[in-house]
Amino acid sequence: MLEMFARRKTTTAVPIEIVPLTDYGPWRRAQSKTVRGWLDQVGFSAKAGSHAVIPGAGRAKSRIVVCVDGAPIWWLAALPRILAAGTYYLDGELAQDTAVRALIGWGLGAYRFERYLARPRARQPKLVLPSNADEKEVMRQVESAASVRDLINTPAGDLGPPELAGAAKGLAKRYRAKIKVVSGSELERSFPAVHAVGRAAAKQPLLIDMTWGDSGAPKVTLVGKGVCFDTGGLNLKPSAGMRLMKKDMGGAATVLGLAQLVMDACLPVRLRVLIPAVENNVSGNAYRPGDIVRTRKNLNVEIGNTDAEGRVILADALALADEEKPDILIDCATLTGAARVALGPDLPALFCDDEGFSADLAKAGASEADPVWRLPLWRAYDRYIESPIADVNNAGSSGFAGAITAALFLDRFVDNARIWAHLDLFGWNEDQRPGRPRGGEAMTIRALYRTLRDRYAAS
């Protein structure tokens, strides 16, 4: 990741001057007549993210002026794709927290997914790391976001359940975590719902189980939906609905990215990561609408729709997580279109009955420009997932409240966790914005990491 940053300011490094929009008027008046004339000549318009290259007079170097507003993380995010290759530095000193966020934004903006390009793109600009910025914090956040994006962006042909397990193993090796991957007859016996969903695929279903940290520390367990590709099963998706289904393992990528942050920061917790990894495919032994699927918790699920597979595999993983009564249990999943209809692509839906944790996560999301929006676990809608022949139906009887009924389904498998939070996220940027390139996105990891860090770092 250091290719987007530099540790030393070279003699040719170009200064970047940050000007808050509210200060632009006084700043402009303080400039020389020549500079004001240049800004007029190039048609510079002061708005958030706008920048101008101001030529130096005589032997003076040119400089970049950028107008900023809003969250510091996006102040510099557009520049890595705009500026010419070279070294740049921040002219003036920012407060440490502000500098860290601005540098993280630069790193997010510099991200490129180039695995499948025959020729790499041109060299990128580099930003000198200011002396007062926490370099380790910047790098861990940029690297973890990049790893999440890389996993989501990788096509399913190259990232099935075994490759996802390989990524988890690589992370475990890096941080000396323990990892177990359950497959075959053991998976069928211990995690029957995961097996039922994934058995039709050529790549066998798996349950990834990673642990790290002191066994006596507070237990934080992360569960991520790892559907590496979702055809919809026998309730086959239309082509448009299937196009982006390589991203249906976005929940798994998210918890791996969050685990990387937690382990790299050495938070004093006992971390566990559980990922049910499958492909929801079609073959002669695919699970069917109307089937009854047994779960680890011995609750039987009537399959109302094979395209509601994410909650079925999460049921087994949540049941396993819940058995050891974690202090905090968080699951992340690209679960429902209903959440996107309600909140759009940018706002992950949060379901949590713990008022304190919900408030802390919302506050962290606002401070880190990584928002979540709480929706209710409205118990009256349990009637929509009742089954006349089984304990619960995975799809429900109504077209209403799809995100809520999915959360209520998962709630059936969590009894003992002190705090449980379910995040229904999109994991994808539909368009290109500064710091948020089109493609896979690491949603909620900054907010979750900040919440866990604030809760446990001082313990």
Side-chain angles (χ1 to χ4, degrees), residues 4-5 13-57 60-95 97-112 124-128 130 133 138 141-142 145 343-347 365-371 373 428-439 441-443 446-447:
M4 61 187 67
F5 294 108
V14 177
I16 297 175
E17 187 174 358
I18 294 175
V19 180
L21 273 182
T22 52
D23 296 341
Y24 179 74
W27 177 88
R28 178 185 166 89
R29 288 191 293 273
Q31 302 306 304
S32 68
K33 184 177 179 181
T34 302
V35 170
R36 294 196 302 271
W38 173 258
L39 293 171
D40 292 338
Q41 184 178 340
V42 299
F44 180 71
S45 175
K47 57 185 179 181
S50 62
H51 83 288
V53 180
I54 301 176
K61 291 188 294 187
S62 61
R63 57 189 168 118
I64 309 294
V65 59
V66 57
C67 288
V68 301
D69 194 22
I73 198 168
W74 308 129
W75 285 2
L76 307 175
L79 297 182
R81 289 177 177 261
I82 296 172
L83 299 180
T87 303
Y88 299 81
Y89 68 93
L90 298 180
D91 188 15
E93 188 169 306
L94 298 174
D97 285 350
T98 302
V100 166
R101 290 187 173 100
L103 291 165
I104 292 169
W106 174 279
L108 296 177
Y111 172 84
R112 296 178 177 182
Q124 296 191 94
K126 292 186 176 184
L127 184 64
V128 176
V138 171
Q141 294 219 27
V142 173
L343 300 176
D346 295 347
L347 280 176
S367 68
E368 301 300 324
D370 191 22
W373 197 267
W428 192 263
N429 292 318
E430 290 194 301
D431 46 23
Q432 187 88 11
R433 291 174 294 164
R436 290 151 287 187
R438 188 178 188 278
E441 186 54 280
M443 292 179 169
R446 294 193 307 276

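FYI, side chains are in, hydrogens and waters are out, and symmetry mates aren't considered; it's all heavy atoms of this structure.
Contact between A46 and Y24 at its shortest, heavy atoms only, is CB-CD2, 3.5 Å. Closest heavy-atom contact between E430 and P345: OE1-CG, 4.0 Å. Scanning all heavy atoms of the two residues, the minimum distance from Q31 to R36 falls at O-NH1, 2.5 Å. The minimum heavy-atom distance linking G435 with L108 is given by the pair O-CB, 3.6 Å. The two residues W106 and P125 have their closest heavy-atom pair at CZ2-O, 3.8 Å. Smallest separation of non-hydrogen atoms from P15 and D91: CB-CB, 3.9 Å.
Geometrically, R436 engages W74 in a cation-pi contact defined by less than 6.0 Å to the ring centre and at most 45° from the axis.
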I would like to know whether V42 and V53 meet side chain to side chain contact (heavy atoms under 4.5 Å, CB included); could you show each step before the answer? CA-CA 9 Å; V42 299; V53 180; over 6 Å; no

Pair I73, R446 - check side chain to side chain contact (heavy atoms under 4.5 Å, CB included), show working. CA-CA 11 Å; I73 198 168; R446 294 193 307 276; 3.5 Å; yes

How far apart are the C-alpha atoms of Y88 and L76, what are their side-chain angles, what is the distance that settles it, and do they pass the side chain to side chain contact (heavy atoms under 4.5 Å, CB included) test? CA-CA 12 Å; Y88 299 81; L76 307 175; over 6 Å; no

Would L127 and L90 satisfy side chain to side chain contact (heavy atoms under 4.5 Å, CB included), going step by step from the backbone distance to the final call? CA-CA 8 Å; L127 184 64; L90 298 180; 4.3 Å; yes

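Rounded to the nearest 0.5 Å, atoms NE2 (H51) and CZ (F44) are 9.0 Å apart. Taken to the nearest 0.5 Å, the CZ atom of R438 stands 8.5 Å off from the CG atom of D431. Separating the CG atom in L347 from the CE atom in M443 is a distance of 8.5 Å, to the nearest 0.5 Å. The distance from the CD atom of Q41 to the OG1 atom of T34 is 11.0 Å, given to the nearest 0.5 Å. With rounding to the nearest 0.5 angstrom, the CG atom of L83 is 5.5 Å from the CD1 atom of I64. In this structure, CZ on F5 lies 11.5 Å from NZ on K126, to the nearest 0.5 angstrom.
Considering only heavy atoms from C-beta on, E17 stays 4.5 Å or farther from I54 through its side chain. Between Q141 and V100 the shortest side-chain heavy-atom distance does not fall below 4.5 Å.
Tested against R101 for a side-chain contact (heavy atoms from CB on, under 4.5 Å), the candidates L103, D97, T98 yield a single pass: D97.
By the 4.0 Å N-to-carboxylate-O rule, R433 lies close enough to D346 to be salt-bridged with it.
Using modelled atom types, no side-chain atom of D69 and backbone atom of A48 make a donor-acceptor pair closer than 3.5 Å.
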